[in-house]
Amino acid sequence: MRQLIAGNWKMNGLTEQAAAIAGPLRRGADGLGCDLLVCPPATMIGTVAHILVGSAVAVGGQDCHAKASGAHTGDISAVMLRDSGANWVILGHSERRSDHGESDATVRAKVLAARAAGLAPIVCVGETEAQRVAGAAEQVVGGQLAGSLSDGFADGAAPGVVAYEPVWAIGTGRTATEADVAAMHAHIRATLTALLGPAGARVRILYGGSVKPDNAAGLLAVPEVGGALVGGASLNAADFLAIARAAR
Ligand code: 13P
């Protein structure tokens, strides 16, 4: 399975910056041995999708509502993301779980909406530092997977993806050790197989949390690491492409 290198721009990127990142990505993506995805803020999806049309770089959203339309001021549905040029959507990122109180059940409803709209979901899971210190990391991540994934998650030509992002590694410059990543990804794979049966083997498991050009090769070589979900370093096209070149 090709690795997926996905960029989560979070709440960053005005028109000029989006073009400055997407243009070089379009030129740099040819011949890479991995899949590339960028997830700009919703306001930039149309612009970025237009720049990247026909290229090897896919576009995704960072969240969607569980319903397709209706009286939900300020929200954006999966169908709308699809309509603006997205084929992917990040769901259940820890920043949404903490900033917006999203539960596993909310994430699951969004996964179903994404699948119904033809979007491939990237479901984020990960423990806090206190949970890791307490020895509960695997239990927390297993519970998030059981609560967030739906039947059909791994179906179709674009199966869903899981991103393991330890909360304490996000934006901190700290990463999990390669041994901890290997152990957690093996646990996630076993959980996916228990939840989804043989289809669980089709799910790529990304690592996220302070992935940079200088640590990408080591992290991407860990068994069961199916790619990376990159925050800060995805805002610089050269850094993002350097991470992609480290992929298998
Ligand atoms: P950083 O790469 O900035 O740590 O962010 C990781 C992340 O949250 C990606 O979704």
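Quick note: numbers below take in every heavy atom, side chains included, and nothing from hydrogens, waters or symmetry partners. Whatever order the structure lists them in is the order used to number ligands and atoms, beginning at 1.
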So side chain to side chain donor-acceptor pair (under 3.5 Å) across residues 220-229, not counting sequence neighbours, yields R189-E224

Exercise answer, ligand 1 polar atom pairs (N/O) under 3.5 angstrom:
| residue | atom | partner | partner atom | Å |
| --- | --- | --- | --- | --- |
| ligand 1 | 2 (O) | S210 | N | 3.4 |
| ligand 1 | 2 (O) | G231 | N | 2.9 |
| ligand 1 | 3 (O) | G232 | N | 2.8 |
| ligand 1 | 4 (O) | G171 | N | 2.6 |
| ligand 1 | 4 (O) | S210 | N | 2.8 |
| ligand 1 | 5 (O) | K10 | NZ | 3.3 |
| ligand 1 | 8 (O) | K10 | NZ | 2.8 |
| ligand 1 | 8 (O) | H93 | NE2 | 2.8 |
| ligand 1 | 8 (O) | E165 | OE1 | 3.4 |
| ligand 1 | 10 (O) | N8 | ND2 | 3.0 |
| ligand 1 | 10 (O) | H93 | NE2 | 2.9 |
| ligand 1 | 10 (O) | E165 | OE1 | 3.1 |
| ligand 1 | 10 (O) | E165 | OE2 | 3.0 |

So the ring-ring contact (aromatic ring centres under 6.0 Å, His included) pairs with at least one residue in residues 16-67 (sequence neighbours excluded) are H65-H72

For S148 and V107 the tightest heavy-atom approach is CB-CG1, 3.8 Å

* Would you kindly confirm whether I122 and L112 end up in one hydrophobic cluster when ILVMFWY residues are joined by side chain heavy atoms under 4.5 Å apart? => no

Taken in chain and number order and not counting sequence neighbours, the residues that satisfy side chain to side chain donor-acceptor pair (under 3.5 Å) with E102 are R96, K110

Any donor-acceptor N or O pair under 3.5 Å, side chains E165, H93
yes

